[in-house]
**Student:** 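Dropping the structure in here first, questions after.
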There are 2 protein chains.
Amino acid sequence: MDMHKDYRIGDLARATDTAVETVRYYERIGLLPEPPRTEGNYRLYGEAHLHRLRFIRRARALGFHLDVIRDLLGMVDRPDQPCASIDQLARAQMAEVDAKIADLTRLRAELAHVANQCHGGTVRECRIVEALSGGEG
Amino acid sequence: MDMHKDYRIGDLARATDTAVETVRYYERIGLLPEPPRTEGNYRLYGEAHLHRLRFIRRARALGFHLDVIRDLLGMVDRPDQPCASIDQLARAQMAEVDAKIADLTRLRAELAHVANQCHGGTVRECRIVEALSGGEG
DNA sequence: CCTTGACCCTGTAGCGGCTACAGGGTCCAT
DNA sequence: ATGGACCCTGTAGCCGCTACAGGGTCAAGG
């Protein structure tokens with residue numbers, strides 16, 4: 001069963017919820033391999049490309065940076081290697097997300113504090129402005 | 001008491017924990033007014049500049065975008081206006097931070113799920129890879 | 001007086017991860 | 001043969017800085 005479908009770049013983009021320009025961008029930076037071309041110089045993708053692009057997009061959606069994704073793809077391309085390093089990257093990513101959440105939570109508390117200072121009136125009397133102006137800086 | 005000190009750009013930068021280039025950048029984009037210069041063409045700042053830069057940096061630290069900060073500064077410069085619009089910007093900022101926290105929390109859960117799939121072995125068997133490849137995309 | 005070194009100046013280019021053109025070519029249906 | 005959807009390359013822009021290159025200024029020390 002030689003039923004491998006072909007995709008043009010727009011098909012691939014739709015199938016992965018990606019902008020066409022982004023697909024070309026991934027190719028340019030070497031994340032996505034250069035596909036063969038039609039006679040009219042159109043890129044022609046197969047299932048493998050679709051698979052790989054899905055992987056990239058899903059990892060991006062989880063916040064992985066492109067250089068980390070590059071590493072992940074490198075590992076995926078050597079399936080006999082141990083999986084530990086992939087696990088490690090995933091855990092590092094979790095730690096990063098945790099740190100961001102902690103940051104934003106602190107921020108939110110500060111913002112709430114600042115916003116609660118306002119009791120109406122003019123800008124001159126506004127304690128928000130004071131809160132933003134003062135401080136340790 | 002004519003005791004207004006002057007600051008050179010490096011002093012200002014140190015006093016607000018800002019890079020010198022960033023101070024110049026804020027001037028270039030019109031956030032910080034152009035200060036007078038010395039004979040040798042050095043920027044010479046006063047307390048007002050210090051105050052304003054502190055405001056900018058503090059707002060940035062709370063995650064406000066520069067264009068919002070521009071608006072905030074515009075309001076601060078009209079102290080007789082009502083304070084409500086400032087309050088509104090602060091609350092909008094809170095909402096944005098809340099949304100980011102919610103996003104990241106969802107992300108964290110997904111990442112935990114993905115990372116927990118790994119039980120050692122080779123990349124070929126790694127469920128993390130599967131989890132990243134599969135899906136609705 | 002001269003050098004050293006810390007600081008300052010302008011201008012431009014780079015980062016990440018896209019996004020948005022301009023200015024063209026291809027392909028298929030009508 | 002014409003229209004419109006799609007594709008191509010190449011370049012520039014977004015944000016908020018950051019990092020140079022290539023020079024000028026200024027005060028202290030020899």
Side-chain angles (χ1 to χ4, degrees), chain A residues 5-32 34-45 49 52-53 55-73 93 96-97 100 103 107 137, chain B residues 5-32 34-46 49 52-73 93 96-97 100 103 107 137:
Chain A
K5 299 171 251 167
D6 285 339
Y7 305 88
R8 285 189 303 177
I9 196 168
D11 304 329
L12 204 71
R14 257 186 306 280
T16 58
D17 201 28
T18 310
V20 166
E21 293 95 334
T22 302
V23 179
R24 283 196 286 251
Y25 170 71
Y26 289 159
E27 177 182 322
R28 204 162 62 243
I29 65 169
L31 267 192
L32 211 53
E34 291 187 34
R37 302 284 184 123
T38 67
E39 296 227 327
N41 201 30
Y42 285 16
R43 288 169 181 82
L44 216 49
Y45 298 98
H49 291 101
R52 200 175 180 91
L53 180 52
F55 183 98
I56 295 171
R57 294 302 284 178
R58 185 123 179 76
R60 277 298 294 140
L62 291 175
F64 287 93
H65 289 301
L66 290 182
D67 53 352
V68 178
I69 295 177
R70 196 188 299 273
D71 289 353
L72 283 170
L73 286 169
Q93 180 62 19
E96 218 172 282
V97 170
K100 269 188 200 153
D103 264 14
L107 217 64
Chain B
K5 296 171 252 163
D6 286 339
Y7 304 88
R8 286 188 303 176
I9 197 169
D11 304 329
L12 204 71
R14 257 185 305 280
T16 58
D17 201 25
T18 310
V20 166
E21 293 94 333
T22 302
V23 179
R24 285 195 285 250
Y25 170 71
Y26 289 158
E27 178 182 320
R28 203 162 62 241
I29 65 170
L31 268 192
L32 211 52
E34 292 188 33
R37 303 285 184 121
T38 66
E39 296 228 327
N41 200 30
Y42 285 16
R43 288 170 181 81
L44 216 50
Y45 298 97
H49 291 102
R52 200 173 181 93
L53 180 52
R54 255 212 269 270
F55 184 97
I56 295 171
R57 293 303 282 179
R58 184 122 180 78
R60 276 299 293 140
L62 290 175
F64 287 92
H65 290 302
L66 289 183
D67 52 353
V68 177
I69 295 177
R70 197 188 299 274
D71 289 351
L72 283 171
L73 286 169
Q93 180 63 19
E96 216 172 285
V97 170
K100 268 187 202 155
D103 264 14
L107 215 66

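All chains are named by letter (A, B, ...) in the order of the sequence lines, taking the proteins before the strands, and each is independently numbered beginning at 1.
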**Student:** Examine C:dG17: is either OP1 or OP2 under 4.0 Å from a nitrogen or oxygen in the side chain of A:H65? Give yes or no.
**Tutor:**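 Yes, within the criterion.
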**Student:** Hey, where does DNA chain D pair up into stems, meaning at least three consecutive Watson-Crick or G-U pairs with distances under 3.5 Å?
**Tutor:**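 Stem list for DNA chain D: C:1-30 with D:1-30.
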**Student:** In whole angstroms, how far is the C1' atom of D:dG16 from the CD1 atom of B:I69?
**Tutor:**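 Spelled out: CD1 on B:I69 to C1' on D:dG16 is 10 Å.
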**Student:** Could you check whether B:F64 gets within reach of a base, just the sugar-phosphate, or nothing at all, counting any heavy atom under 4.0 Å?
**Tutor:**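 Nothing: the residue B:F64, judged by heavy atoms under 4.0 Å, touches no strand.
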**Student:** Please encode protein proximity along nucleotides 19-30 of chain C as a string of B, S and -, counting only heavy-atom distances under 4.0 Å.
**Tutor:** BB----BBS---
**Student:** Can you list the residues that meet the side-chain hydrogen bond (donor to acceptor under 3.5 Å, both in side chains) rule with B:R37, with sequence neighbours excluded?
**Tutor:**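 By the side-chain hydrogen bond (donor to acceptor under 3.5 Å, both in side chains) rule, B:R37 matches B:N41.
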**Student:** Would you say B:R60 and B:L66 make side-chain contact, with heavy atoms under 4.5 Å?
**Tutor:**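 They are in side-chain contact.
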**Student:** Which residues satisfy the salt bridge (charged side-chain N to carboxylate O under 4.0 Å, His left out) test with A:D11, sequence neighbours excluded?
**Tutor:**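 Only A:R14 meet the salt bridge (charged side-chain N to carboxylate O under 4.0 Å, His left out) criterion with A:D11.
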**Student:** Among residues at least two apart in sequence or on other chains, which ones pass side-chain hydrogen bond (donor to acceptor under 3.5 Å, both in side chains) with A:Y7?
**Tutor:**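 side-chain hydrogen bond (donor to acceptor under 3.5 Å, both in side chains) check on A:Y7 returns A:E47.
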**Student:** Closest to the B:V20 side chain: D:dC8, C:dC8, C:dG17?
**Tutor:**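 Of the candidates, C:dC8 comes closest.
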**Student:** Is B:R60 close enough to D:dC15 that one of its side-chain N or O atoms is under 4.0 Å from OP1 or OP2 there?
**Tutor:**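 No, outside the criterion.
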**Student:** Only counting residues at least two apart or in another chain, list the ones meeting salt bridge (charged side-chain N to carboxylate O under 4.0 Å, His left out) with A:D103.
**Tutor:**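 With sequence neighbours excluded, A:D103 shows a salt bridge (charged side-chain N to carboxylate O under 4.0 Å, His left out) to A:R106, given in chain and number order.
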**Student:** Who pairs with A:Y45 by ring-ring contact (aromatic ring centres under 6.0 Å, His included), at least two apart in sequence or on another chain?
**Tutor:**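 Listed in chain order: A:H49.
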**Student:** Residues two or more places apart in sequence or in another chain: which of them pass side-chain hydrogen bond (donor to acceptor under 3.5 Å, both in side chains) with B:Y26?
**Tutor:**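 side-chain hydrogen bond (donor to acceptor under 3.5 Å, both in side chains) list for B:Y26, sorted by chain: B:R57.
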**Student:** List in chain and number order the residues that pass side-chain hydrogen bond (donor to acceptor under 3.5 Å, both in side chains) with B:E27, two or more places apart in sequence or in another chain; answer none if no residue qualifies.
**Tutor:**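 side-chain hydrogen bond (donor to acceptor under 3.5 Å, both in side chains) check on B:E27 returns B:R43.
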**Student:** Taking the side chain of B:R43 as its heavy atoms from C-beta onward, which of C:dC9, D:dC17, C:dC18 lies nearest to it?
**Tutor:**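 Closest nucleotide among those given: C:dC9.
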**Student:** To the nearest Å, give me how far apart CG (B:L53) and C1' (D:dC17) are.
**Tutor:**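 The distance from CG of B:L53 to C1' of D:dC17 comes to 14 Å, rounded to the nearest Å.
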